[in-house]
Structure formats: structure tokens, C-alpha cells
2 protein chains.
Amino acid sequence: MKKATVERILDAAEVEFGAHGFVETSLRTITGKAGVNLAAVNYHFGSKKGLIQAVTDRFFEPLTVGLQAHLQELAKAEISHHDALVQIYRGLLLEALRIAQGNPARLVLFARLVNSAYNQSQGHLRKHLTHQYAPVFMLFIQAMREHMPSMDHEQFFWRFHQLMGMMVFTLSNSEALTAICAAEYAQQRGLPEIVQQLIATLVAAAEAPVVAIEKLA
Amino acid sequence: MKKATVERILDAAEVEFGAHGFVETSLRTITGKAGVNLAAVNYHFGSKKGLIQAVTDRFFEPLTVGLQAHLQELAKAEISHHDALVQIYRGLLLEALRIAQGNPARLVLFARLVNSAYNQSQGHLRKHLTHQYAPVFMLFIQAMREHMPSMDHEQFFWRFHQLMGMMVFTLSNSEALTAICAAEYAQQRGLPEIVQQLIATLVAAAEAPVVAIEKLA
DNA sequence: GTTAGTTTGAAACGAATGTTTTAAACGTTC
DNA sequence: GAACGTTTAAAACATTCGTTTCAAACTAAC
């Protein structure tokens, strides 16, 4: 049986958005790949923005649910700052990995979505994300803050951006990501291993000592 | 005296590209801000791609010249791996900072340009950059490789991407970047201080020990 | 079986974009 | 100062995009 139109649009949109971004993907290519009529997008989702947000929710809703549970359980555990940081990022990326279902393109989509939470382009998506998932975001940030003491507010602000940047950018590199997964020369290297290495670097960067500000030049 | 048309287009394009990206900036807004005719872009630069590459070259040419000199001098020095890494990123970011001339928007532009060297969208710019500045890129990568021993090829590949990602993403955050520079609450924090902290995190991430690959789930 | 509501199909609309064209203005050279 | 190549000006062109329209097809309830 043929999948429902809505679902086929979402599937196609997800792939195209992940591969070429939001602005550079036209509704016509989406409906073309989905094998549905062009008008179906505006009928079912109201607008292109609506479609983008629908794609977002289909990924973020299960992600945030899983992450929230993970973080709440983590809050009860008594572990070192280091282990906590590992678990925080492990929780986030493991959830993303689970939802991506081993598909590199879906991880790229995840990275793009998080990126939109920071970027002022696609402002509607930023608003949608922050409004919809603010509690989990807050939980995530506070968990990091808690286990990154010895930083004042501003230092943490920038360190946090740096960490998110590393994560988002690494996972956005669709070319390298898909290449490494399809490569014969790296049989045992897949998405999980890449994520594993990413976590290690993230935590090391998080724990980097704060430098004394001195003149650069 | 009025600046030449070419220069005024480049100035305006630089600002707009840095603020809104390449695809989301139209030639009409550029020529509008520059106070020149629309056709002038295609006349002087051939196409929009040509303009993008011209903007790129005006930033990258002096940058790469300075960086190459810095790296060559660094190769002669006998210092620790740690200090070398600091100097490598210090050299890159200091050059970018010098060319940006204290303007946050120009740093954002720099980040976007580097991003285009990785992203397959704007493929023409990627080709242009890699063709034009390949020697300096190679010099930079090899310098990093040299001072990040204990990593095999694949590990270094991903670590390098992670580092570039952190740098690019942090400097791409134009909103935060300009806000922090204009803020009253942080009188002594400017671009140089942000870059200083970035370098510290970059080096810490570069030196993060390679993890043993184990099963994640 | 008829009817009311929902979904799909094909075409067109209006706006925005990069590019091209044509002519006028400018500047330099002989 | 006349002639010629260069630069600018204004308009139009061709294409693409998101969106809308309206009729046809389908679905489900009575």
C-alpha cells in the first residue's frame, strides 16, 4: 500500500533539507521526489515554513523526550564533573543517533536543525524550536553549567557556543559523513564511532582551563 | 572624491554577505547599498559567483600571505607541541583579526568563507578556494598534523574537522559576536578576547586524548 | 445512491532573482 | 576636438520560486 501523502512529503523533505538546506530546496523538488502534487504541501502544511517545522517536530519530539529522561536520571546520580559531561553529550548524541536510525543524512538534518536554533536566518524555526522545546534546552544548558564550574557567565556562554559549534559543524559535514560510512577502507568505522570521538573532544574542550586574558598582539 | 564603483560594490557585498550569507543576498540589495547600478556587478565581475570570489580574494589574499610567513617561521622554531598548536591557531586568527580590522561583521565573513571551503553548497567557491590557496592550506594542515602525533590518519581527519567546526561556528555567530562587542556590561571584552578564549579551547580540543573505540549502546 | 467534506491534480499568478540588452555618458588619446 | 574604448544607466528578459485557484476525484456517512 502507498504511504499517505503527508508522510511521503515529510520523508522527501527530510532528505532534501538534510542534503541541500532549507532555502536551497524547492517545494517542487520535494513534491517531485515524493511523487505528490505541488499544492499538497501548502494544503497539508500551510506553507513551506509549516513543512520545515513539521519536519523539525518529527525529529525533535522523540529526541527531546529521550533527552529529558536521560538528563533527569543523570541529575540523581552522584558522579564526577567529567563523567557527567560525558553522559550529557552521550545522552544528546545517542538520542540523535537512535532517531537517525543509522542514516547519515538524518544526522546532518539534526545538525542543521540545531544550527537553525542559533542562526538568525530561518528565524521562524528558531522561534519555533525555542518555544516548543525550551524546557529541555534549559535543562541541557543548566546541566552543562553545573558541571563546568570555575567559569563566569560570559566564559560559559562562549564555551557553550564553541561546543555546540563543534558538534553541529562536524555533523553537518554531510560529504565526509556519508563518505566515511560508505568507505571500504574503514570497515568498522560508522556513525557511532564518529560520535564517540566527537564526545571525547567535546568534553576535553569543555574542560579546557580558562585562560587569563592578556593582550594578543 | 567618490570611491570607484568596483570598490564600492565589494564593500557593500562584503557587509551583506557577512550578514545574510551568499544565497540570501541579492545583487539588487548590494547595488542598492553601494549606490551603483545593478548591471555594474555583471559588468565588472561577470556574475554573482565572480563577485563572491572577488570578495573572497580581497580577504584571503592578505590572510594567506601573512599566515604562510607565520607558519614558515614557526617551522624553524623548536618549541613543544602544545606551544606550536597555540601559535598555529594564533597565527591564523590573528591574521583574520588584523584583516577584519576590529569589525565583527568581517570576522563573520571570514567564517562563512572558510565554511564554504567545506560545504558542498557554493561548490564554485570551494573549488576556487582550494585551487587558489591550496599551498597555504596544506601548510596549515601539515603543521597541525605534525604537532598532533599519536593520531592515525582517520582520527586526525575527524579531529581537524571538529576544530575547524568550532572555530567557524563560533565566529559565524554574528548575533552574539556583534552583541558582545557593543555591550556595555563587558567593557574590556572585545574581539581579541573572544579569539583568545577560542584559541585556548581549540588547543585543548586538539590535545584531547584519542579514545578507545568501544560500543556506544 | 446521494451528498457533503476532504484530498488531489493541473494550471496559473505574482513576486523576486540573475542576467542581458541597448543607449547614453564619460574619459582618454591622438 | 573628434574618435574610440570604457563605464554607467534604465529597462526588459527569462527563470524560478512559493502560493493560490478551481475543478475533478475520492471517501465516508446517511
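The chains referred to below are lettered A, B, ... by the order of the sequence lines, with proteins before strands, and numbering in each begins at 1.
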Legend entry - Polar contact flag, side-chain donor to acceptor under 3.5 angstrom, A:T201-B:Q162: yes

Legend entry - Geometric class of the A:F137/A:Y133 ring pair [parallel <30°, tilted 30-60°, perpendicular >60°]: tilted

Inset, instruction - Examine the side chains of A:S172 and A:R112 and answer whether a donor and an acceptor come within less than 3.5 Å of each other. - result: no

Legend entry - Sugar-phosphate only, base, or nothing, as touched by A:T25 at under 4.0 Å among non-hydrogen atoms: sugar-phosphate

Legend entry - Atom pair distance, as rounded to whole Å: CD1 in B:I52 and P in C:dG18: 9 Å

Inset, instruction - Figure out the NZ/C1' separation between B:K49 and C:dG18, and round it to whole Å. - result: 11 Å

Legend entry - For atom CG of B:L38 and atom C1' of C:dT17, their distance in whole Å: 10 Å

Inset, instruction - With the side chain of B:A39 defined as its heavy atoms from C-beta on, choose the nearest nucleotide among C:dG9, C:dG18, C:dT21. - result: C:dT21

Legend entry - OP1 or OP2 of C:dT6 under 4.0 Å from side-chain N/O of A:H44: no

Legend entry - Any B:S26 side-chain N or O less than 4.0 Å from OP1/OP2 of C:dT17: yes

Inset, instruction - Would you kindly give the CG-to-P distance between B:N37 and D:dT8, to the nearest whole Å? - result: 9 Å

Inset, instruction - Using atom CD1 of B:I30 as one end and atom C1' of C:dT19 as the other, report the distance to the nearest whole Å. - result: 14 Å

Inset, instruction - State which of D:dT7, C:dT21, D:dT20 makes the closest approach to the side chain of B:Y43. - result: D:dT7

Legend entry - Contacts of B:V55 that satisfy side-chain contact (heavy atoms from CB on, under 4.5 Å) - sequence neighbours left out: B:L10, B:A13, B:E14, B:F17, B:L51, B:L109

Legend entry - Closest-nucleotide ordering on DNA chain D, the 5'-leading residue of B:R28 and A:V23: B:R28

Inset, instruction - In whole angstrom, give the distance that lies between atom CG of B:L51 and atom C1' of C:dT19. - result: 14 Å

Legend entry - Atom-to-atom span, CG of A:L27 to P of C:dA10 - whole angstrom: 18 Å

Inset, instruction - Could you tell me how the ring of B:F60 sits relative to the ring of B:F110: parallel (under 30°), tilted (30 to 60°) or perpendicular (over 60°)? - result: tilted

Inset, instruction - Quickly work out the A:E7 CD to C:dT7 C1' distance and round it to whole Å. - result: 17 Å

